[in-house]
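Here the structure comes first, spelled out in C-alpha cells, and everything after it is commentary.
Naming: A, B, ... by sequence-line order, numbering from 1 per chain.
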Protein chains: 2
Amino acid sequence: MNAHHLDRIDLHIIKLLQSDGRITNLQLSNEIGLSPAPTLERVRKLENQGYIKSYHAVVDEEALGFNVKCFIQITINLNVPDARNKFIQKINAIEEVVECHHVTGSSDFVVKLIAKDMKGYERIILEKLSKIEEIGHQSSMMILSSNVKPALPIVIEK
Amino acid sequence: MNAHHLDRIDLHIIKLLQSDGRITNLQLSNEIGLSPAPTLERVRKLENQGYIKSYHAVVDEEALGFNVKCFIQITINLNVPDARNKFIQKINAIEEVVECHHVTGSSDFVVKLIAKDMKGYERIILEKLSKIEEIGHQSSMMILSSNVKPALPIVIEK
DNA sequence: CGTGAAACTTTCAAGAT
DNA sequence: ATCTTGAAAGTTTCACG
C-alpha cells in the first residue's frame, strides 16, 4: 500500500473527499473530468485499498457542551512489566480520551482528553486516570483555543 | 447556540453522522425512527445552527506518504508586540501545520506538523518555523504511533 | 410528523477507445 | 485496461395534509 499506484485523478479525488466528505459522486465526477461510473470505481478502490479510511461529520464541541479540553503528557512507570501496552489499552478505553500519541522526548505519551466542565474533568482524573498504575508522572496543559485543519497538504504534481 | 435545544433524536443524528459521515438520509431516517423528510429537516437545522460543522474523508497518512508527524511545544517571545496574534497567523499559514493549540502551562502553544520524511521535516523547520520571530523557544516530540477516535463521547440521556 | 411524487443520484451491464 | 453511455434502482427533496 504505497502512493505509487495513485495517479493525479486519484489524488484529486482524495483531496475533494477530504474537503467535502458528502460531495455526491456526480459532482465529484464533474470536478475530476470523468463520468460517474469510473469515478465511483476509483472511490471504491481507494476505500478498499485503505487510502480512504472513513467518513465523519465534524461537530462543534462547544455547542455540544464540551468546554474543557486538555493535553496530558504522561511518562510510563517502568517498574510494571509490559507497561506500555497495558497503558495503551487502559487509556484508550476511557471514553473521554479522544487521542493517544506515543511520542519521543521527555514524555512517553501525549493524550488528549475532553470533558463538559471542570467537575467532569476532575472526575475523569480521579476516577479513571489515577487508577492506571502504569502511569509514572503526568502533566496537563489546558487547551484555551485551537485551529485544526481538516485536510492534509496533498500536492498534485505535473 | 447551546445544547438545550437538542432532543434525543438530534443527538442520535449527530452520533450517527459522526460515526458515518456518508450514511444516506434514508438509512439515517430508519435508524432514528422517523421518515426521510423530517430527518433531512433536522440534519439541515443541525448544519445551519452550527452543531455539525463539516464532513470529511479520513485518509491513511502513511499510505499517502506522510511518515513524519510531530508535536512542537512553543513559547512566545514576549519582546515582540502582539506576538501571540502574529504567531497564530504565521503558524497557521504553514501548510504542513495541521493543528495549533493555545495552551496553559510552561509552553504557550502545541503545534502538530506533518511531513513526508525527515528531509522534508528539516526543510519546514529551517525554511518556515525558524523564520517566525515571535517564537521564543521550541521543543519537539516525534510521534511514533497514534490512536485518534473519530467521534466525541456523546451520551443520549433518558 | 407522514405521504407521495418529481427530480436527482447511484450503480451496473454493455460496448467504445 | 480504462472510459462512456444509457437504463434501472435507489435517494433526496418538496408541497400538502
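Toward the 5′ end of DNA chain C lies the nearest nucleotide of L34(B), the other residue of the pair N25(A) and L34(B) mapping further downstream. Heavy-atom distances to DNA chain D give each of S35(A) and R22(A) a nearest nucleotide, and the one nearer the 5′ end belongs to S35(A).
Aromatic rings from H101(A) and F71(B) are positioned such that their centres are separated by under 6.0 Å. For F109(B) and F87(B), the gap between ring centers is short of 6.0 Å.
Rounding to whole angstrom units, CG of residue L40(A) and C1' of dT4(D) are separated by 15 Å. Per the geometry, CG belonging to D7(A) stands 15 Å off P belonging to dA1(D), to the nearest Å. Rounding to whole angstrom units, CG of residue N30(A) and P of dT10(C) are separated by 10 Å. What separates CZ of R42(B) from C1' of dG2(C) is a distance of 14 Å, to the nearest Å. To the nearest angstrom, P of dT11(D) lies 20 Å from CD1 of I23(A). Rounded to an integer number of Å, the gap from Q27(A) CD to dC8(C) P is 13 Å. Computed from coordinates, the E41(A) CD to dA13(C) C1' distance equals 12 Å when rounded to whole Å.
With respect to E31(A) and K15(A), no salt bridge is recorded, no charged nitrogen being found less than 4.0 Å from a carboxylate O.
Side-chain atoms of R44(B) lie closest to dT13(D) of the nucleotides dT13(D), dT11(C), dG2(C). Comparing dT13(D), dG2(C), dT10(C) by their closest approach to the side chain of P38(B) singles out dG2(C). Of all nucleotides listed (dC1(C), dT12(D), dC3(D)), dT12(D) comes nearest to the side chain of L26(B).
Open room surrounds CD on Q89(A); 12 or fewer heavy atoms of other groups in view lie less than 6.0 Å from it.
Residue T24(B) is in sugar-phosphate contact alone, with no base atom involved, counting any heavy-atom pair closer than 4.0 Å across all strands shown.
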